[in-house]
There are 2 protein chains.
Amino acid sequence: MSTLQTLDRGIRALEVVAARPSGISVADLSAEIGVARAIGYRLVATLEEHRLLMRDTDGKLHLGASIPALASQYWPGLLSLATPILQDLADKTNATAFMSVAEGDEAVAVLSLDPAVASVLRVGYRVGSRHPLALAAAGIAILAARAPSEADTPEVVEARRQGYCITRGQLQAGAVGVAAPLRLAGTLHGGPEASIGLVALQDFDSEAASDPVVEAARKISATQ
Amino acid sequence: MSTLQTLDRGIRALEVVAARPSGISVADLSAEIGVARAIGYRLVATLEEHRLLMRDTDGKLHLGASIPALASQYWPGLLSLATPILQDLADKTNATAFMSVAEGDEAVAVLSLDPAVASVLRVGYRVGSRHPLALAAAGIAILAARAPSEADTPEVVEARRQGYCITRGQLQAGAVGVAAPLRLAGTLHGGPEASIGLVALQDFDSEAASDPVVEAARKISATQ
DNA sequence: ACAACATGTTCACTATTAGTAACAGATGGA
DNA sequence: TCCATCTGTTACTAATAGTGAACATGTTGT
């Protein structure tokens, strides 16, 4: 299964630009992905044509407006449907609300919303971050939605019984997570395995939060 | 200014997959972008490696989890900062709230949020849709934030005076739009020209909505 | 079981792209 | 002002990628 050098470099260019909040010049970008400057210009010209990249007034590169446009088509309707519900969940519990999906044996965060009224300290959950399915609440909730298996850990069995999962300090010391699985496959055509939940500092009353999380998961699953 | 065929085709592959909510096979994708099937497989393999594409249980292609991850880095913090404020604006006015940015002489929608409590009829504003800056509220608000110019239309002058802009039926008969400019350039390092606003059906009291829109724009601009 | 079809890989030849170096024009500091 | 540095572009050969067909290997329906 071979891959294409030019396309690979173009994508890496996108990733490098994305990782540079203050923008990057074509020369620096070219150095970063290890190609001659002349090639960097050709990559950038192609990406600009599709509006995946744009330039600021200093000529530095930033992600273009086609990026959010593509993202709005990610499992169509899923993110925009979940946003108001997760925002409400975040506001009511004063914790960060997230949605994760399974990709291979990892859970990936695809949406993360902070409460409108920010508190002083906050655990962020970066969209795009990945961890093994079995490791933390987001992944365990997804495993709990699968058919029972010999390989299930006690945590997965417990999560399946309760309909939600609470973990403490598994991704980050001092943080707690609460998650419940979504049931999307029926309507989202071969759709993704997903979960939603909350992350917060350890003094958070995660038991009390499980009801709103399960309720939000039900709402999202039902609307699909 | 030359562009690269391979990268161009890879991006078009992404766009085609994005436009197919129910997924697409590699063969159909290859036909759609006009390449031999063998090349389609190489394009797809490269995109899958970067998790820009994934396959469902039927083998059909969908956008992968790296797409929302990239989008979360679009003018870092801008979308996630604006989301709770725009969601609140949408809920309180019972209209669709949006954010648009200028790209060249066009305004592009980069965020669109419906009220949590959906009404029967709704005007959607599709993320990624473009229109000339001078045409509708989102673009006129952006023009109003620029230095005054000879070329300004009366609408732009009026919007500059008021601090917001109301248009009726310019994008779509029967729809109204209210928008106010954001002031981001100072802090978002050469940042984008942007506006936020509301779109609704024509019976919407857009005059009454202008205050909350201006207030939301102030909040977003201040937090940057 | 069989035909009809779709997926995924491979092949040999042609078209694109990569790599290198060089060039003109802008910008900026001493 | 002059030199140093950055941007954007171009020319040329070695390396990749594209084409179109062929080939196994499943699936599906009859």
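Every chain is numbered from 1 and lettered A, B, ... according to where its sequence line falls, protein lines coming before strand lines. Note that this is a predicted model, so its numbers are computed, not measured.
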NA contact type, B:A27, heavy-atom cut-off 4.0 Å: base, sugar-phosphate, or nothing?
sugar-phosphate
Measure [atom1]/[X] against [atom2]/[N] and give the value in whole Å, please.
{"X": "A:L4", "N": "D:dT19", "atom1": "CG", "atom2": "C1'", "result": "14 Å"}
{"X": "B:Y41", "N": "D:dA22", "atom1": "OH", "atom2": "C1'", "result": "15 Å"}
{"X": "B:R37", "N": "C:dA6", "atom1": "CZ", "atom2": "C1'", "result": "8 Å"}
{"X": "A:L29", "N": "D:dC6", "atom1": "CG", "atom2": "P", "result": "16 Å"}
{"X": "A:I33", "N": "C:dT17", "atom1": "CD1", "atom2": "P", "result": "16 Å"}
{"X": "A:D28", "N": "D:dC6", "atom1": "CG", "atom2": "P", "result": "9 Å"}
{"X": "A:K60", "N": "D:dG8", "atom1": "NZ", "atom2": "P", "result": "11 Å"}
{"X": "A:Q5", "N": "D:dG18", "atom1": "CD", "atom2": "P", "result": "11 Å"}

Between [X] and [N], is there a side-chain N or O to OP1/OP2 distance below 4.0 Å?
{"X": "B:R55", "N": "C:dG8", "result": "yes"}
{"X": "B:T6", "N": "D:dG18", "result": "yes"}
{"X": "B:R9", "N": "D:dT19", "result": "yes"}

[atom1]/[X]: more than 12 non-hydrogen atoms of other groups inside 6.0 Å:
{"X": "B:E106", "atom1": "CD", "result": "yes"}
{"X": "B:Q172", "atom1": "CD", "result": "no"}
{"X": "A:R126", "atom1": "CZ", "result": "no"}

Note the angle between the end axes of the helix from C:dA1-D:dT30 to C:dA30-D:dT1, five pairs defining each, rounded to 10 degrees.
50°
Please tell me which of A:L7 and A:G59 maps to the more 5' nucleotide of DNA chain D, matching each residue to the nucleotide holding its nearest heavy atom.
A:G59
Using the six-membered ring wherever Trp is involved, compare the ring planes of B:Y125 and B:F98 and label them parallel, tilted or perpendicular (cut-offs 30° and 60°).
perpendicular
Ranking D:dT19, C:dT16, C:dG19 by distance to the side chain of B:I39, first place goes to D:dT19
Is there a side-chain contact between B:L89 and B:E215 (heavy atoms, below 4.5 Å)?
no
Thinking salt bridges, do A:E158 and A:R161 make one under a 4.0 Å N-O criterion?
yes
With a 4.0 Å cut-off, would you call A:D28 and A:R20 a salt bridge?
no
Residue closer to the 5' end of DNA chain C, B:V26 versus A:V35 (nearest nucleotide)
B:V26
